[in-house]
Amino acid sequence: NPDTVYGSYLCRGDLSPQHCSICVTNMTQFLELQFVKTNDSFQDWYGLTDECTIHFANHSIYGLYVKDDVFLPGPADIPGEYSPNMKEINDSLTNRMDMLISLASNSSTKFVTSEVDVIGSSDHEKLYVLVQCTPDLSTRNCSACLKEMYSNFLSCCGGYSEARVIDARCMMKYDNQSFFDTSNAY
């Protein structure tokens with residue numbers, strides 16, 4: 001039916017329901033304005049922030065993962081500074097990422113956070129890492145999405161003190177400053 005619109009949203013798993021609702025409402029209003037301005041017919045429309053993602057489509061998107069669907073950011077979009085511990089950051093993330101992808105993919109919430117010690121860092125740097133998929137993705141599709149995100153992560157953002165990669169179906173972020181409740185981190 002050409003008049004049917006399918007939609008999904010994903011809020012970061014550590015956000016309160018109220019915070020999530022505000023983010024989704026704001027993003028939906030923004031996308032509605034963009035749609036009205038362009039008066040476009042659409043295949044897929046996305047709204048992506050650090051806190052929530054929204055995906056509207058003219059086809060069913062439930063459980064669907066499409067490789068290279070959406071990708072953020074380029075290095076110019078990264079607010080963090082390039083770290084002098086670039087190699088150590090990349091090595092530490094790589095050492096931990098397979099486990100985090102597996103944990104997130106196999107959990108019912110498809111969400112996991114972790115504190116990662118930067119191995120070999122002279123100043124005992126620590127990274128705070130979040131990985132997440134939309135809960136409707138299968139274990140296999142969540143894992144594939146996160147692995148794709150991580151490969152993009154290394155090429156666009158590796159070595160920065162803060163970085164994020166966001167897709168309509170999964171997200172990955174790290175920072176050298178805590179940005180989530182660490183009491184449940186791995």
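Just so it is clear, the structure is predicted and the values come from calculations on it, not from any experiment.
- With contacts defined as side-chain heavy-atom distances shorter than 4.5 Å, the pair Cys23/Thr49 qualifies.
- In this structure, the side chains of Leu130 and Phe111 come closer than 4.5 Å at one or more pairs of heavy atoms.
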- Query: Which is it for Cys145 and Asp167 under the side chain to side chain contact (heavy atoms under 4.5 Å, CB included) test, yes or no, and what are the steps along the way?
  - Reply: CA-CA 8 Å; Cys145 188; Asp167 180 284; 4.1 Å; yes

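- No donor-acceptor pair closer than 3.5 Å links the side chain of Glu51 to the backbone N or O of Leu15.
- Disulfide criterion (SG-SG under 2.5 Å) for Cys52 and Cys11: not met.
- For Tyr150 (side chain) and Thr94 (main-chain N/O), a donor-acceptor pair under 3.5 Å exists by modelled atom type.
- Atoms OG1 and CD1, from Thr25 and Ile54 in turn, are 8.0 Å apart once rounded to the nearest 0.5 Å.
- The salt bridge (charged side-chain N to carboxylate O under 4.0 Å, His left out) search around Lys147 returns none, not counting sequence neighbours.
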- Query: Given the rule in the side chain to side chain contact (heavy atoms under 4.5 Å, CB included) test, do Leu93 and Val129 qualify, once you have shown the distances and angles that lead to the verdict?
  - Reply: CA-CA 9 Å; Leu93 285 172; Val129 183; 3.8 Å; yes

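- No side-chain heavy atom of Ile166 sits less than 4.5 Å from a side-chain heavy atom of Met149.
- Side chains of Phe179 and Asp50 form no contact here, defined as non-hydrogen atoms less than 4.5 Å apart.
- Arg12 CZ to Thr53 OG1: the interatomic distance, rounded to the nearest 0.5 Å, is 12.0 Å.
- Cysteines Cys133 and Cys142: SG-SG separation is under 2.5 Å.
- In this structure, CD on Glu148 lies 8.5 Å from SG on Cys170, to the nearest 0.5 angstrom.
- Listed by chain and residue number, nothing satisfies the salt bridge (charged side-chain N to carboxylate O under 4.0 Å, His left out) test with Asp98 (two or more places apart in sequence, or in another chain).
- For the salt bridge (charged side-chain N to carboxylate O under 4.0 Å, His left out) test, no residue two or more places apart in sequence or in another chain qualifies with Asp175.
- A continuous path of hydrophobic side-chain contacts links Leu103 to Val116 [ILVMFWY only; heavy atoms under 4.5 Å].
- Taking NZ from Lys126 and CG from Asn176, the interatomic distance works out to 12.0 Å, rounded to the nearest 0.5 Å.
- Side-chain atoms of Ser92 come within 3.5 Å of backbone N or O of Glu88 as a donor-acceptor pair.
- Note: Gln177 CD to Tyr128 OH = 7.5 Å, rounded to the nearest 0.5 Å.
- Put simply, the side chain of Arg164 does not reach to within 4.5 Å of the side chain of Met171, judged on heavy atoms.
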- Item | Steps toward side chain to side chain contact (heavy atoms under 4.5 Å, CB included) verdict (Leu146, Met172) | CA-CA 7 Å; Leu146 289 171; Met172 191 173 280; 4.1 Å; yes

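- Note on Ile119: it does not cluster hydrophobically with Tyr174, by side-chain heavy-atom contacts below 4.5 Å among ILVMFWY residues.
- The backbone N or O of Val24 sits less than 3.5 Å from a side-chain atom of Thr28, completing a donor-acceptor pair.
- Residue Tyr9 qualifies as open at atom OH: its count of foreign heavy atoms under 6.0 Å is 12 or below.
- Distance check, rounded to the nearest 0.5 Å: NZ of Lys110 to CG of Leu137 gives 7.5 Å.
- No side-chain heavy atom of Thr113 sits less than 4.5 Å from a side-chain heavy atom of Asp14.
- With salt bridges taken as basic N to acidic carboxylate O contacts below 4.0 Å, one links Asp136 and Arg169.
- Of the possible donor and acceptor atoms, none in the side chain of Ser105 sits under 3.5 Å from a partner among the backbone N and O of Ser102.
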